[in-house]
Amino acid sequence: MQIRKTLVLAAAAAAVSFAPQAYAQTLTIGLGTEPTSIDPHYHNLGPNNQIAQHFFSRLIEQDHKQNLSPGLATSWKATDDTTWEFKLRKGVKFHDGSDFNADDVLFSMHRGGNHPNAKSSFGLYTKGKTFTKVDDYTVRVTTAKPYPLMPVDLSSVHIVSDQEKDKWEGEYNNGKSAHGTGPYKLVKWVKGEVLEMVRYDGYHGAKPHWKRVVIKPINSAPSRLAALLSGDVDFIDQVPTVDIARLKKNAKVELSQGVSNRIIYLHMDQYRDNPQYMKSHDGKPLTKNPMKDVRVRKAISMAISRDLIVDRVMEGVAIPAGQLLPEGFFGRSSKLMVQKYDPEGAKKLLAEAGYPNGFQATLHGPNNRYINDAKIVEAIAQMLTRIGIKTTPDTMPKSVFFKRGKNKGPAKPAEWNFQLVGWGSSTGEPSSPLRSLLGTYDKTKGWGSSNRGLHSNPVMDKILDEALATVDDTKRAALLAKATEIGVGEDQGIVPLHYQVNTWAGKKGLTFKARTDERTVAYDVVPN
Amino acid sequence: MNTIAEQVAPIAAASEVKVETPFRRFCTAFLDSKVATTALIVLGILIFMALFAPLISPTNPYDLAVVSILDSKMPPGTKSLDGVTFLLGTDGAGRDLVSAMIYGLRISLGVGVMSGIFAMAIGATVGLIAAYFGGRTENIIMRIVDIQLSFPAILVALILLAILGKGVDKITIALIIVQWAYYARTVRGSALVERNKEYIEAATCLAIGHRRILFRHLLPNCLPPLIVVGTIQTAHAISLEATLSFLGVGLPVSEPSLGLLISNGFDYMLSGKYWISFFPGIALLITIVSINLVGDQLRDVLNPRLDR
Amino acid sequence: MTVFIIRRLMQSVLVVFVMSFLVFGGVNLVGDPVEMMVSDEADQEERERVIRSMGLDKPWYVQYGLFVANAAQGDLGKSFVYGEQALGIIVQRMPATFELALAALLMAIVIGIPLGVYSGLNSESRFSKVIMAGSILGFSLPTFWVGLMFIMVFAVMLGWLPSTGRGETVELLGINVSFLTTNGLSHLILPAVNLALFKISLVIRLARAGTREIVHMDFIKFARAKGLSTQRVIMVHLMKNIMIPVVTVLGLEFGGLIAFSVVTETVFAWPGMGKLIIDSIQGLDRPVIVAYLMIIVLVFVVINLVVDVLYSILDPRVRIQDVKG
């Protein structure tokens, strides 16, 4: 008995402890979401981009706070309102040994915008821009109108070698001929099983610590955590919120946390006159849409205790939100505060709007898209029910939810009247959510594509238009803040709930600079 | 086969004082096993709980005015804010686990039994028709049955649900589709034996209608194997529903069956909040084991080939 | 026999065709793959481009026509998610699933037959009752729950075995296998046992029932009377006869193992076909769902055919024939 017990302990100890020597060279990561391709222009999505940035560099890099820093471009400036000039880094070599120059940039920008099979292309960032080569190490970009977001846009497109002109997929997808200038070279990728890379010694930036990085995709959260605790992997991302409190007490584990650029919020139907998922308080059809009344929208916001959601549902791992981006981001309003929990005030507003007995509504949400999404929906339904808006929570897998929750213009508005979704601003400033979530639906301008409640306010549109044509940073920041104050504040076009906080966990002695863009990057994991 | 004997026995026995009907004989044989009897009692209790869930369960886990997120993930034995004790704790949404399990049992059993009944009705009809009419009809029917049975139920259900989507109704439909063929094969097997017996021939000679022969004469004699298969299939169906819900294609979160409760609780298991997943797992296990034990004993009693 | 095989194959082609139509039509009804693919920030124009690139702008019957035309040339379409041939992606995952299923099958035979024969020979012994109780449990325990408990106990609490994933692989005859490395083997144990549990119970019951029936038959009594050792009687005469049902059922159940690996692979993050299909269903990767189904149908047709042929070899009394249509 005693012997057996000792054996068990020894085995457990062996499994949990780690050998520092082997550790110093290799990092094994348990990753929640696997990329779909190594091709950096195939799919503009977090899981792909986070892997791509190991193998490829960009003209301008985004650090863990999404601040811009020189990458393959050493400097850039606007020479006039519609022209930008980028000076390229000299002496950089691709993994296959070829030299990097302006031709590669031109090729990459073309490829990124025109990949025929891209599932989500980078055309978003290259559209409306003309790239010309001035000399081997200077690229000029011109636009028809003033375009202040130029550096941000170009910090999203990875640079590939123009030697590989004709390889759109196949070899490129599985990584066999995907050569970049990034800090790591791909060794092998077996889908669903393992992705292995080694350090590229010719990298132009800071030399990463790990010589070899092994990435194992484990998409079940408890399994991923189990893999860390049993010593299979050194580091994991997307730590489930429920485990955080316990992990904090675990001496063998070190957590890294950081707020993300993702806001979780509610869309309210502000278009239909006969909302199909809403009824009067006694179950009769409604003659008008209560959510068209700003007082009702405000009441909804006041009825929700964001602190309670953060505390109970998110286990303290989220930050209550009052606008589109958390503190520290460009173009934020200093006036907008987090709405205080005020159920009495909410009831009063509801009565003023003509609904003293409230009404019935269904709140739709996904159940496998955002952290604890289904539970947040349930919690909000509970809170709204308490002020008289009898809310039925209805959650479903994202594959079904998003199709029916999608707005396709006023002719075909989103099926749901009231829904919970999230938005991550990859550009790190509020113009993208303002344009997509609150801007009046306009297909030609590309506005309102995710404006699921079809909110519309011409005043805000005008300010946003002006902001998007203002190159001066200070002036633009002020305009963006003003637009946010109208759209989110005065109009309550959406109800912000909280900013997601992401958690990574590693073995003791490993720290990670938590990234606002939610990406897991091996070279940001460092032993301390 | 002793079916003839069974046919004759009641007539012979009727004149005696102590009536030994086949049913009574069957009961005695069944209750012979202590294990099976216990299982039957447990099953009875479970069915009772499922039927009267709203009366038995301490709270209504679906009533949002009662359920509070403030009570979520409480360990067993905690008192809620309103002073109610959570005997087995609460789940992630703040539902009392005892109530959630009783309602979950209701859904699990409901889906299993409903799908079983419908599948049995469809399968038995089709099987009877195949056996009775024979020829081309039989060939086509049995070909379809064979093809369907050559694919594992879980795969067929998985694909069906991928198309149908989530919901109690949808999973019931999927389970009916994957199960009917078992019944069809069983019924056809025993009906084939019965068909050639004199009483059917006699009935045919008397020019009694097909339907009457099928359901009044043929079907009752095919019942014993049907009951055995039905019991075991129900256990299967319950287990399959739990598995599909675990895979994320079965039931929606708003209507958690036992399987879904386990699945939801798994997220909390490694955090030491074992109860959310563990207790529903035990409940599911008890349900399936007791049905299987009853089914086993039924087979032993009803199948003369294994008569000891 | 040849006629039988040809007839079977033709019938299978029909099944594949009908299935492809139903599933293709079915998956086109659910969800919006475009919404699953595009980035949040994509504008309307970008969405339309993606719809076109995936061929979803055409009506479904045109899509199906194109699919059939391509499938006839061996092209089952490109995965929406990976942008590669769906067939290639599935074939790449096949070895992992087959390795797992074979390991489970082996366990079912090695553990199930001796226990079943023992319990058949000594049906009243205490140990035999324990075996039977165990087999009832094995039948009743839902695979996924057992898998979760395995991870909880053996990986997290005891730390004896790795929790998830496939270990190191080495190439054997051009296929990646993991059972030849210690690391790979340690990763294989839990999922294989998990998957085998149900089949072990099944084999125990079959072997037990077979043993009980055969023990009383004349040729066994005769063999004993001839003075053959008990061991020889069991090993040769008895085994030979109980193998027929066991082989048949196991052959058929191999398909079941592949199907049920969907569950085990999901629990243990085993990178096989089963996990792929679950991911594809959740990600609405229609070409992969359809291609997977076609391949599975094919695999099953082959398995059933092999079992039938094997059965006729093992038991000469069975003559293969097909129902005349």
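Hydrogens, waters and symmetry mates play no part in the numbers below; they use all other heavy atoms, side chains included. Sequence lines set the chain letters: A, B, ... in the order given, protein chains first and strands last, and positions in each chain run from 1.
The contact between L293(C) and chain B is made entirely by side chain atoms (from C-beta outward), counting heavy-atom distances below 4.5 Å. For a residue to count as touching a neighbouring chain, one of its non-hydrogen atoms must lie under 4.5 Å from one of that chain's; by this rule L141(C) touches chain B with backbone and side chain alike. Of the two parts of I286(B), neither the backbone nor the side chain holds a non-hydrogen atom closer than 4.5 Å to a non-hydrogen atom of chain C. The parts of L158(B) that come within reach of chain C are both its backbone and its side chain, each placing non-hydrogen atoms under 4.5 angstrom from that chain. Interface remark: A235(B) contributes no atoms to any contact with chain C (heavy atom separation under 4.5 Å).
Of the listed residues (I159(B), L284(B), L247(B), L293(B)), the one with the most heavy-atom contacts under 4.5 Å to chain C is L247(B). Considering only heavy-atom pairs separated by less than 4.5 Å from chain B, the leading option among I281(C), L148(C), I296(C) is L148(C). Across I289(C), I278(C), T266(C), the residue that shares the most heavy-atom pairs under 4.5 angstrom with chain B is I278(C).
Proximity of F278(B) to M149(C): side-chain heavy atoms (C-beta onward) are separated by under 4.5 Å at one or more points.
Nearest approach of A207(C) to G116(C), heavy atoms of both residues: CB-CA, 3.9 Å. The shortest heavy-atom contact between L128(B) and A191(B) is CD2-CB, 4.0 Å.
By the 30° and 60° cut-offs, the orientation of the rings of F246(B) relative to F144(C) is parallel.
Once rounded to the nearest 0.5 Å, the distance linking CD1 of I288(B) with CH2 of W145(C) reads 10.5 Å. Of the inter-residue distances, the one linking M132(C) atom CE with D296(B) atom CG reads 7.5 Å to the nearest 0.5 angstrom.
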